[in-house]
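Presented below is the structure to which this report refers.
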Amino acid sequence: MYGDIVILSGAGISAESGIPTFRDSDGLWNNHRIEDVATIEAYYRNPEMVHDFYNELKKELQNAEPNPAHKAITRLQQEYKNGTVSVVTQNVDLLHEKAGNKNIYHIHGQINQAVCMNCAHVITTWGDVDTQTVCPQCGAVAMMKPNIVFFGENLLYMDKVDALLHKCKLFIAIGTSGAVYPANTFARITKYHGADTIEFNLHATVNNYDFDKHVMGKAGETFPEYVENLLKV
Ligand code: OAD
């Protein structure tokens with residue numbers, strides 16, 4: 001049996017909930033240029049367009065439901081007795097929460113929040129946010145940015161996540177391509193500190209030498225089975 005477990009999730013865990021990934025053939029970045037909607041420069045250049053993009057995405061994500069992979073994490077968290085199980089997610093959807101997961105760190109932000117660029121106040125809303133939105137804390141107008149970590153910005157919660165990566169004995173990546181830094185270094189960090197590493201994906205990812213084991217297939221099918229077996233050990 002292991003000690004603490006860290007699960008890193010990416011868009012692939014939500015694919016079976018009907019949410020497009022970013023880099024697959026039907027992915028979000030196939031229809032949009034990252035430079036237009038996902039960089040801090042794009043936001044400064046054209047905040048209206050960036051707000052429109054995330055307001056639309058928000059509507060899609062609000063109605064999505066968790067799938068068996070998200071639910072298997074809840075089971076693992078409830079039944080695993082040898083340490084804590086933390087979820088570090090790159091996903092801005094709220095499916096981990098909807099499935100009842102705990103100890104969740106949204107390192108890329110979350111779709112139902114906006115942050116004031118003037119005073120750092122964070123609001124939570126499923127309604128639209130735009131350049132007319134007033135910060136309820138400092139009163140600034142046109143300063144509420146989607147609380148999404150754009151390329152060129154720092155990740156959230158990294159002090160806490162670093163500590164979890166150093167301490168964990170098992171690192172599990174689910175549905176992430178490993179294309180985006182720094183989340184794509186987490187497996188190696190945990191390995192240096194003695195953890196076992198395993199990935200769940202449709203196919204082996206590019207940095208696959210960081211993983212001791214690869215489980216190929218849909219996470220909604222492979223991960224619940226893995227949890228079942230892990231809890232037996
Ligand atoms: P990607 O779209 O880059 O990768 C999704 C991965 O999920 C791919 O490796 C797929 O093979 C895999 N996959 C697809 N369906 C799956 C399934 N049913 N079961 C298991 N695996 C499946 O998404 P991320 O790695 O999450 O940042 O991308 C990282 C970041 O890039 C995102 O957080 C986003 C984007 O820029 C922000 O929006 C801030």
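Counting starts at 1 for both ligands and their atoms, in listed order. All of these numbers come straight from a predicted model, not from anything done at the bench. One is the number of the first residue; the rest follow in order along the sequence.
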If we count only N and O atoms by modelled type, under 3.5 Å, do the side chains of [X] and [Y] hold a donor and an acceptor together?
{"X": "Gln110", "Y": "Asn112", "result": "yes"}
{"X": "Asn82", "Y": "Tyr2", "result": "no"}
{"X": "Thr176", "Y": "Gln90", "result": "yes"}
{"X": "Glu16", "Y": "Asn67", "result": "no"}

Identity and distance of the protein heavy atom lying nearest [atom]:
{"atom": "atom 13 (N) of ligand 1", "value": "Gly12 CA, 3.6 Å"}
{"atom": "atom 19 (N) of ligand 1", "value": "Ala219 N, 2.9 Å"}
{"atom": "atom 32 (C) of ligand 1", "value": "Phe22 CE1, 3.4 Å"}
{"atom": "atom 36 (O) of ligand 1", "value": "Trp29 NE1, 3.2 Å"}
{"atom": "atom 25 (O) of ligand 1", "value": "Thr176 OG1, 2.7 Å"}
{"atom": "atom 3 (O) of ligand 1", "value": "Ser177 OG, 2.6 Å"}

- Message: Does the Lys NZ or Arg CZ of Lys213 fall within the cation-pi geometry relative to Phe200 - under 6.0 Å from the ring centre and within 45° of the axis?
- Response: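 Ring-cation test returns no.
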Heavy-atom contacts with [X] under 4.0 Å: which atoms of ligand 1 show up? List them by number with element.
{"X": "Gln90", "value": "29 (C), 33 (O)"}
{"X": "Gly10", "value": "26 (O)"}
{"X": "Gly217", "value": "19 (N), 20 (C)"}
{"X": "Gly175", "value": "5 (C), 6 (C), 7 (O), 21 (N)"}
{"X": "Ala15", "value": "15 (N)"}
{"X": "Val149", "value": "39 (C)"}
{"X": "Phe151", "value": "36 (O)"}

- Query: Hey, would you say the Tyr157 and His106 ring centroids sit under 6.0 Å apart?
  - Reply: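 Ring centres of His106 and Tyr157 not closer than 6.0 Å.
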- Message: Could you check, using the six-membered ring where one of them is a Trp, whether Tyr43 and His51 have ring centers closer than 6.0 angstrom?
- Response: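 Distance test on ring centres: under 6.0 Å, yes.
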- Message: Tell me whether Lys191 at atom NZ has more than 12 heavy atoms from other residues, nucleotides or ligands lying less than 6.0 Å away.
- Response: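 Enclosed.
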Which is closest to [atom] in terms of heavy atoms, [options]?
{"atom": "atom 27 (O) of ligand 1", "options": "His108, Glu199, His203, Lys218", "value": "His108"}
{"atom": "atom 28 (O) of ligand 1", "options": "Arg23, Glu16, Glu221", "value": "Arg23"}
{"atom": "atom 8 (C) of ligand 1", "options": "Asn201, Thr21, Leu202, Thr222", "value": "Asn201"}

- Query: Looking only at distance, does Ala11 have an N or O less than 3.5 Å from an N or O of ligand 1?
  - Reply: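 Yes, since at least one N or O of Ala11 sits under 3.5 Å from an N or O of ligand 1.
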- Query: Going by heavy atoms in the side chains, are Gln77 and Asn101 under 4.5 Å from each other?
  - Reply: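 Yes, close enough: below the 4.5 Å cut-off.
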- Note, Leu165 side chain near Phe171 side chain (heavy atom, < 4.5 Å):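 Touching, per the 4.5 Å side-chain cut-off.
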- Taking the inter-plane angle between the rings of His193 and His166 on a 0 to 90° scale, is it parallel (under 30°), tilted (30 to 60°) or perpendicular (over 60°)?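 His193 vs His166 ring planes: parallel.
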- Take every heavy atom of Val180, measure it against each atom of ligand 1, and state whether any distance is under 4.0 Å.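 Within the 4.0 Å threshold, so yes.
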